[in-house]
Amino acid sequence: MPFFLKGFFLSLSLIVAIGAQNAFVIKQGMVKNHIFIVSGICFICDVVLMGLGVFGVGAFLAKNKILNLLIASIGILFVLYYGFLSLKSAFAPQSSPKFSPSNPLPLKKTILLTLAVTLLNPHVYLDTVFVIGASALMFSLGQKLLFALGASTASCLWFFGLGYGAFKLSQILSKITKLLDLLIALVMFFVAFSLIRYVWLLVGH
């Protein structure tokens, strides 16, 4: 099934880069915080966004400058906030974690955080709606279905593998928690910087 494989490998190549969403999933897996829910939300969001792109809605979103500016601006504030929290955690005196297997974040807060880190980053739309959508423009309906199924399969395997992989390695990762927090903070600040550049380009045009 070449179209399935095209979707699978394109989606995987876009999703594996360490970004805000992946760093967040790793952290939740490491501290055993609602892993199935976190991974599931990331996967479902991907399926919906890739579906929008593959089946033709991406063009509207791409042309909506105000919507892109709004998402990017809110995203900047969120990733900066999350980055500063991670940086604070990295340099705080060693103590019991704020949330742990015995004291996880409330489910509602976990869901809201996962949605925020997933949907408040325009890069997510760039990868799923625009790049994957553009790659399927010339396909027939049947080919698009196979392509979208392949892309969705890659997303499912990646997010659940990432979350539960971090869970399995949690004892090892717990020994380098501060290093991970520092890495997550750097990732968030890099994402914020790239979003600021994105907003600058949007405003400039």
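Computed over heavy atoms, backbone and side chain alike; hydrogens, waters and symmetry mates excluded. Sequence positions, counted from 1, serve as the residue numbers for this chain.
- Taking every heavy atom of both residues into account, A151 and S11 meet most closely at O-OG, 3.0 Å.
- In this structure, CD1 in I41 is found 10.0 Å from NE2 in H34, a value given to the nearest 0.5 Å.
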Which atom pairs, one a donor and one an acceptor, fall under 3.5 Å between side chains of residues 159-168 and the rest of the protein, sequence neighbours left out?
none

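- Side-chain heavy atoms closer than 4.5 Å link hydrophobic residues (I, L, V, M, F, W, Y) into clusters, and following such links, possibly through other members, connects F84 to V117.
- The CG atom of L157 sits 11.5 Å away from the OG atom of S39 when rounded to the nearest 0.5 Å.
- Remark: K6 is positioned above the aromatic ring of F3, its terminal NZ or CZ atom under 6.0 angstrom from the ring centre and at most 45 degrees off the axis.
- Linking Ile, Leu, Val, Met, Phe, Trp and Tyr residues whenever their side-chain heavy atoms come within less than 4.5 Å places L5 and W158 in a single cluster.
- At a threshold of 4.5 Å between side-chain heavy atoms, the hydrophobic network of Ile, Leu, Val, Met, Phe, Trp and Tyr places F139 and L146 in one connected group.
- Between the CD1 atom in I15 and the CE atom in M50 there is a gap of 6.5 Å [rounded to 0.5 Å].
- Under the 4.5 Å side-chain heavy-atom criterion for ILVMFWY residues, no single connected hydrophobic cluster contains both F190 and I26.
- Here the closest heavy-atom approach between residue V54 and residue F147 is recorded as CG2-CD2, 4.0 Å.
- A donor-acceptor contact shorter than 3.5 Å links the side chain of S13 to the backbone of L10.
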*side-chain contact (heavy atoms from CB on, under 4.5 Å) assessment of F4 paired with T153*: CA-CA 9 Å; F4 177 91; T153 300; 3.7 Å; yes

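- Considering only residues two or more places apart in sequence or on other chains, S155 meets the side-chain hydrogen bond (donor to acceptor under 3.5 Å, both in side chains) condition with D46.
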Would V38 and T110 count as a side-chain contact (heavy atoms from CB on, under 4.5 Å) here? Give the steps. CA-CA 7 Å; V38 170; T110 299; 3.5 Å; yes

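- A 4.5 Å side-chain heavy-atom check between F8 and L149 finds every atom pair outside the cut-off.
- Taking 4.5 Å as the limit, every side-chain heavy atom of Q28 sits out of range of all side-chain heavy atoms of I35.
- Taking each heavy atom of A185 and L87 in turn, the nearest pair found is CB-N, 3.7 Å.
- Side chains of F91 and L182 form a contact here, defined as non-hydrogen atoms less than 4.5 Å apart.
- The side chain to side chain contact (heavy atoms under 4.5 Å, CB included) check on L120 picks up I74, F78, A116, with sequence neighbours excluded.
- For T118, the side-chain hydrogen bond (donor to acceptor under 3.5 Å, both in side chains) partners two or more places apart in sequence, or in a different chain, are Q21.
- In this structure V124 satisfies the side chain to side chain contact (heavy atoms under 4.5 Å, CB included) test together with L49, N121, T128, sequence neighbours excluded.
- By the neighbour-count criterion of 12 heavy atoms within 6.0 Å, atom CZ of F189 is densely surrounded, having more than that number from other residues, nucleotides or ligands.
- Tracing side-chain contacts under 4.5 Å through hydrophobic residues (I, L, V, M, F, W, Y), one never reaches L112 starting from L105; they form parts of separate clusters.
- With contacts defined as side-chain heavy-atom distances shorter than 4.5 Å, the pair I37/T114 does not qualify.
- Evaluation of the side chain to side chain contact (heavy atoms under 4.5 Å, CB included) rule for L77 yields no partner, not counting sequence neighbours.
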